[in-house]
Amino acid sequence: DTAVSQTPKYLVTQMGNDKSIKCEQNLGHDTMYWYKQDSKKFLKIMFSYNNKELIINETVPNRFSPKSPDKAHLNLHINSLELGDSAVYFCASRRTGTEAFFGQGTRLTVV
Amino acid sequence: GENVEQHPSTLSVQEGDSAVIKCTYSDSASNYFPWYKQELGKRPQLIIDIRSNVGEKKDQRIAVTLNKTAKHFSLHITETQPEDSAVYFCASYGNAGNMLTFGGGTRLMVKP
């Protein structure tokens, strides 16, 4: 059983399109995250969300938005995709005070 | 917000030597410091972590030290092996903001 799963694993799309990446965790964790990993491997936090609070990294463009239908899911919506959005996006989850578990990543390529 | 600096960005050692990676953090309220290993094309995975009430923790060939006063922590890998080659990330978690912030990563290469 996969603890944190993301779909799709690969996503190729044209500039200007709108796309979504889904994330689900079956660990009962209370907090979920989205990270962007660029070509230099830097893991940049984009969002932190639990059932009480959404925290947004102020450097993230408002074209990016998280949507959480329930505690086990945190999807990432991206509007008007740009070339610079190409990266690997990781979802992660954790219970307060413990380690974070990562999904397998979604490689987004904008052409 | 929290700022985590990690050094060096690349590290090359001979098999059997030790490797040390250092991180500093800015938020004095941070209380949990995990280290992740990321192999090529894979997800980051936890290798060891330390909490703010502990100064050192060891797990076989891996150890982590924490100096809360100076706000820095380090990863020590002894008797390195080729399979230790990967990118290593330190991270810091503070109560404020519920954010887990990562350092810039260290690419470790262990030469046989």
Side-chain angles (χ1 to χ4, degrees), chain A residues 2-7 9-10 21 23 25 27 29-60 66 68 71 74 87-107 109, chain B residues 1-11 21 23 25-27 29-54 57 59 64 85-109:
Chain A
T2 304
V4 182
S5 61
Q6 297 177 227
T7 55
K9 189 172 181 180
Y10 300 98
I21 305 171
C23 179
Q25 54 97 4
L27 298 166
H29 287 169
D30 53 18
T31 304
M32 297 183 73
Y33 303 93
W34 276 103
Y35 287 88
K36 178 182 180 181
Q37 187 170 46
D38 60 25
S39 57
K40 295 183 179 179
K41 302 301 182 185
F42 184 63
L43 273 167
K44 173 185 168 183
I45 185 150
M46 302 176 71
F47 303 102
S48 165
Y49 182 77
N50 63 22
N51 58 0
K52 300 175 186 176
E53 189 178 22
L54 170 65
I55 298 173
I56 303 170
N57 183 327
E58 65 271 10
T59 66
V60 175
S68 180
K71 285 179 67 173
L74 184 68
V88 179
Y89 291 83
F90 284 100
C91 174
S93 73
R94 73 189 292 257
R95 180 176 291 115
T96 301
T98 67
E99 69 181 281
F101 288 82
F102 282 80
Q104 72 271 35
T106 296
R107 182 174 294 277
T109 304
Chain B
E2 172 75 291
N3 184 44
V4 180
E5 300 280 342
Q6 183 172 345
H7 300 280
S9 56
T10 59
L11 179 58
I21 303 170
C23 289
Y25 61 98
S26 60
D27 186 355
S30 293
N31 57 16
Y32 175 67
F33 307 92
W35 286 88
Y36 285 80
K37 176 182 180 183
Q38 186 179 26
E39 296 177 341
L40 188 63
K42 301 207 174 164
R43 73 189 80 189
Q45 292 194 294
L46 183 82
I47 54 171
I48 194 167
D49 56 13
I50 190 166
R51 301 182 190 281
S52 57
N53 59 348
V54 175
K57 184 176 178 180
D59 182 4
V64 58
S85 296
V87 179
Y88 290 81
F89 292 94
C90 63
S92 170
Y93 178 81
N95 286 328
N98 204 28
M99 300 287 253
L100 184 62
T101 303
F102 283 80
T106 297
R107 186 178 298 277
L108 174 64
M109 292 168 284

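Order of the sequence lines sets the chain letters (A, B, ...), proteins ahead of strands, with each chain counted from 1.
Using a 4.5 Å cut-off between heavy atoms, Tyr35(A) contacts chain B through its side chain alone, with no backbone atom that close. Looking at Phe89(B), the atoms closer than 4.5 Å to chain A (heavy atoms on both sides) all sit in the side chain, from C-beta outward. In this structure, chain A has a heavy atom under 4.5 Å from the side chain of Gln38(B), while its backbone stays farther away. Both the backbone and the side chain of Leu43(A) come within contact range of chain B, each with at least one heavy atom under 4.5 Å from a heavy atom of that chain. When heavy atoms are compared at a cutoff of 4.5 Å, Arg94(A) approaches chain B solely by way of its side chain, counted from C-beta outward.
If you tally non-hydrogen atom pairs under 4.5 Å between each of Pro34(B), Pro44(B), Gly105(B), Ser9(B) and chain A, the highest count goes to Pro44(B).
Tyr32(B) places a side-chain N or O within 3.5 Å of a backbone atom of Glu99(A) that can act as its donor or acceptor partner.
Atom CE of Met99(B) is separated from atom OG1 of Thr31(A) by 11.0 Å, given to the nearest 0.5 angstrom.
Contact detail for Leu100(B) and Tyr33(A): the closest heavy-atom pair is N-CE2, 3.9 Å.
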